[in-house]
Peer 1: 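Dropping the structure in here first, questions after.
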Amino acid sequence: MKPFSTPIASPYSTVVEMWRAAVDEAGDRPFLHSFDATWTFAEVDDRARTFAAELSRAGVGRGDRVALYTQNDPIFVVGLIAALEVGGIAVPINPMNTTRELRYQLEDSGARVLVTIPSLYRAVAQDVVGDTAVVLTVVGGHTQWTQQGEEVEISEARVGEELGADVLSAESIFSQERREESVPPDISAEDIAVLTYTSGTTGKPKGAQNTHGNLVFNAESYLEITGLEPGQPVLGIAPLFHITGMVGHIMLAIRARSPLVLSHRFHPAVMLESIRRRRPVFAVGAITALMALADSPAQEDGDFDSLTTIFSGGAPIAPALADRLEGIFGAYVHNIYGMSETSSPTHSVPRGEKAPVDPTSGALSVGQPIYCTRSRIVDENGDDCEPGAYGEILSAGPQITSGYWENPDATAQAFDGEYLRTGDVGFVDGDGWFYLVDRKKDMINASGYKVWPREVEDVLYGHPAVSEAAVVGVPDPYRGETVKAFVTLKSGHRTDADELIAHCRANMAAYKYPRQVEIMEEMPKTATGKILRRQLRD
Ligand code: AMP
């Protein structure tokens, strides 16, 4: 029998129901570890409920958006649960985002609440919230680390009094007496729980709607795929704002009644220290992060002994690297494939099996369609391809998004009936293993972080000297791909690569700005004047 052929279903219809059951069953067991601190399920619930009461008081309720702009800190999880408790929709925001990006996401989602941390509030959010629909900003203290050369310093980030009158500290909310229980709104599996921002195939970032049903289904999938036992810790190596962290960490830990190990943000030495201390059993993250752990000079004997179940998704894995990592971790790294729109996995390598490698393309298989999931390869006309033939991967199943937030056109374009068009190009072999070989979308995949050329080009066009800009992904030994820009200049204007790089750097998250800029006399174009991106890439 094929590994994922047994149908599964979540016993819960909403994340709130799943959370309640976890608190009832495992209230006194650890749920969040963050450096020295450990919060049990009941303690997180207590905080989430006082937080939810505060949201209700601010008039935030069913369908309202609550933005979560933090690192991998406990306040993210508390804010998420509180938002869902009042029937709201959580909007996770990449903490690397700068002013322009944060403003866009708050405006597009229409968020009424912003949950953040002191450093991000001061550096970015305080200049932005005033221009948006945000009525309540909550800042949570946490344990952070900073790097001084090679040294990493761990410290407490307290919420200072200088934050302003319209800003609440999370601590002040948690210290309130718990009020009358508010009656949770009647939400169902179809209600949107989270908006995960992604650019889809083109254009501006869009909020992919992950419904309660999507999330509880893939929590169940992760439980089955990983075989995680209650109480076995999950390593929070992926960012929580990304769908992998949201589902493969938070939802799975709730479902399994397991602790989640948080380390503020990724640093190999800090993460290794957390591993030594909390002995996680399961990890899912981008291959670059796993590689950084494996190659860290801070590693000590036995560090990886507890990690018996390892998965990697979000970016391609070179087959030779999978072998090398298995040698270091002592556990095989299983490939897992999905996207924001599919609430994390649609395909996975079954636990205990090894992914085959395609001899022609050299690609490592991303696995087989998981439980209750159907996947097809289609040609340009939308007809099914024969095994071995390249086409676009389409997927259907209980984890697929209900569409993009307030964007019916993009939603219509993304679907072929019930099948989501992934924009990934691949094929299926005769045994049902799927492979990714290319992308229809122009997306650049830098260590699992997705960069959309259009966005970088828009920022380049904002520079006074730039006449034309085209951005492509070029191979990079560490990040997989990195960002390269080609520009032509307006006549009479002068600038250089360093200045253009600095301009981009000031206006976007660090993983997006071009690492290379080439100033050209002329852009290669089609007869109709379209820039030949592919030619530039080649
Ligand atoms: P995101 O929405 O950020 O999760 O990005 C989803 C995209 O990441 C997919 O459409 C793929 O292009 C890529 N991706 C995800 N998982 C894998 C994988 N296991 N191997 C190769 N690419 C992947």
Side-chain angles (χ1 to χ4, degrees), residues 92-94 96-97 194-202 205-210 214 218 222 225 238-249 284-291 310-319 321-322 325 333-350 355-358 361-370 373 375 377 392-395 399-401 404 410 414 419-427 433-453 455 473 479-481 509 511-512:
I93 300 180
N94 186 343
M96 287 193 198
N97 280 355
V194 174
L195 296 180
T196 318
Y197 272 76
T198 157
S199 290
T201 48
T202 46
K206 299 185 270 287
Q209 302 165 173
N210 306 112
N214 292 155
N218 258 356
Y222 261 114
I225 292 169
L240 296 181
F241 79 84
H242 186 259
I243 199 68
T244 308
M246 175 63 72
V247 184
H249 294 167
V284 57
I287 198 70
T288 312
L290 293 173
M291 222 156 76
I310 308 179
F311 283 71
S312 175
I317 307 175
L321 183 59
L325 290 181
V333 176
H334 302 76
N335 208 347
I336 188 161
Y337 162 65
M339 51 201 296
S340 306
E341 289 88 337
T342 66
S343 318
S344 209
T346 50
H347 297 64
S348 177
V349 175
V357 179
D358 169 48
S361 62
L364 187 77
S365 170
V366 295
Q368 303 172 7
I370 61 165
T373 303
S375 196
I377 307 285
E392 185 174 5
I393 301 177
L394 268 52
S395 296
Q399 70 279 61
I400 307 290
T401 179
Y404 294 107
Y419 282 85
L420 177 83
R421 297 182 219 272
T422 63
D424 290 315
V425 175
F427 69 95
W433 290 92
F434 281 69
Y435 301 80
L436 258 62
V437 290
D438 200 0
R439 288 188 288 266
K440 266 183 94 168
K441 44 196 180 193
D442 287 327
M443 176 190 93
I444 300 164
N445 194 337
S447 315
Y449 283 107
K450 311 304 178 318
V451 183
W452 298 89
E455 191 185 347
R479 306 210 302 160
E481 282 185 311
Y511 65 93
K512 294 180 190 168

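One-based numbering, in listed order, for ligands and for the atoms of each.
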Peer 1: Do the non-hydrogen side-chain atoms of Met443 and Trp452 ever get within less than 4.5 Å of each other?
Peer 2: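 Touching, per the 4.5 Å side-chain cut-off.
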
Peer 1: With a 3.5 Å distance limit and no angle check, can you tell me whether Thr342 reaches the backbone of Ile400 through a side-chain donor-acceptor pair?
Peer 2: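 Judged by distance alone, no pair lies under 3.5 Å.
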
Peer 1: Is a donor on one side and an acceptor on the other found under 3.5 Å between the side chain of Lys441 and the backbone of Thr422?
Peer 2: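 Confirmed, Lys441 side chain pairs with Thr422 backbone.
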
Peer 1: When you check the side-chain N and O atoms of Ser361 and Tyr435, is any donor under 3.5 Å from an acceptor?
Peer 2: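 There is no such pair (donor and acceptor under 3.5 Å, judged by atom type) between the side chains of Ser361 and Tyr435.
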
Peer 1: Do Thr198 and Lys450 have side-chain heavy atoms sitting under 4.5 Å apart?
Peer 2: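 Counting from C-beta outward, Thr198 and Lys450 never come under 4.5 Å.
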
Peer 1: What protein heavy atom lies closest to atom 6 (C) of ligand 1? Include the residue and the distance to one decimal.
Peer 2: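 Nearest neighbour among protein heavy atoms for atom 6 (C) of ligand 1, to 0.1 Å: Met339 CB, 3.3 Å.
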
Peer 1: Out of all atoms in ligand 1, which are within 4.0 Å of some heavy atom of Met443? Include the element for each.
Peer 2: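 Heavy-atom distances to Met443 below 4.0 Å select 12 (O).
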
Peer 1: With a 4.0 Å cut-off on heavy atoms, is Thr198 touching ligand 1?
Peer 2: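 Outside the 4.0 Å threshold, so no.
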
Peer 1: Below a 4.0 angstrom heavy-atom separation, can you tell me which part of Lys450, side chain or backbone, both or neither, approaches ligand 1?
Peer 2: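 Looking at Lys450 and ligand 1, just side chain atoms fall under 4.0 Å.
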
Peer 1: Would you mind running through ligand 1 and noting each atom that sits below 4.0 Å from a heavy atom of Lys441?
Peer 2: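 Those qualifying, in numeric order: 9 (C), 10 (O).
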
Peer 1: Check whether Asn218 reaches the backbone of Pro345 with its side chain - one donor and one acceptor, N or O, closer than 3.5 Å.
Peer 2: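 Between the backbone of Pro345 and the side chain of Asn218 there is a qualifying donor-acceptor contact (under 3.5 Å).
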
Peer 1: Tell me, which protein residue and heavy-atom name are nearest atom 2 (O) of ligand 1, and how many Å apart are they?
Peer 2: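 Looking only at protein heavy atoms, the one closest to atom 2 (O) of ligand 1 is Ser340 OG, 2.7 Å.
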
Peer 1: Which protein heavy atom lies closest to atom 12 (O) of ligand 1, and at what distance to 0.1 Å?
Peer 2: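 Heavy-atom neighbour on the protein nearest atom 12 (O) of ligand 1: Asp424 OD1, 2.6 Å.
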
Peer 1: Short question: side chain of Ser343, backbone of Asn210 - any donor-acceptor pair under 3.5 Å?
Peer 2: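 Not a single qualifying donor-acceptor pair exists.
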
Peer 1: Heavy atoms only: which of Leu436, Asn335, Ile393, Val349 is nearest to atom 19 (N) of ligand 1?
Peer 2: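 Among Leu436, Asn335, Ile393, Val349, the closest heavy atom to atom 19 (N) of ligand 1 comes from Asn335.
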
Peer 1: List every atom of ligand 1 that sits less than 4.0 Å from any heavy atom of Ile336, numbering the atoms from 1 in the order shown and giving each element.
Peer 2: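 With Ile336 as reference, the close atoms of ligand 1 come out as 16 (N), 18 (C), 19 (N).
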
Peer 1: So do Tyr337 and Thr346 actually touch side chain to side chain, heavy atoms under 4.5 Å?
Peer 2: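 Yes, their side chains come closer than 4.5 Å.
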
Peer 1: Would you check whether His242 reaches within less than 4.0 Å of ligand 1, judged by its heavy atoms?
Peer 2: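 Contact check His242 vs ligand 1: positive.
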
Peer 1: Quick one: do the Ser375 and Ser395 side chains pair a donor with an acceptor below 3.5 Å?
Peer 2: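 Result is yes, a qualifying pair exists.
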
Peer 1: Is a side-chain N or O of Glu341 found less than 3.5 angstrom from the main chain of Thr401, in a donor-acceptor match?
Peer 2: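 No; judged by distance alone, with no hydrogens or angles, the pair does not exist.
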
Peer 1: Are any of the N or O atoms of Ile243 closer than 3.5 Å to those of ligand 1?
Peer 2: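 In fact, backbone or side chain, Ile243 has no N or O that close.
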
Peer 1: Quick test: of every protein heavy atom, which one is nearest to atom 18 (C) of ligand 1, and how far off is it to 0.1 Å?
Peer 2: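 Here the closest protein heavy atom is Ala315 O, 3.6 Å.
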
Peer 1: May I ask you to check if ligand 1 and Gly314 share an N or O to N or O distance below 3.5 Å?
Peer 2: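 Min N/O separation from ligand 1 is below 3.5 Å for Gly314.
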
Peer 1: Which one of Gly313, Gly338, Pro316 has a non-hydrogen atom at the shortest distance from atom 15 (C) of ligand 1?
Peer 2: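 Checking each option, the heavy atom nearest atom 15 (C) of ligand 1 is found in Gly338.
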
Peer 1: Applying a 4.0 Å heavy-atom criterion (strictly less than), which segment of Ile317 is in contact with ligand 1: side chain, backbone, both, or neither?
Peer 2: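 For Ile317, no heavy atom sits under 4.0 Å from ligand 1.
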
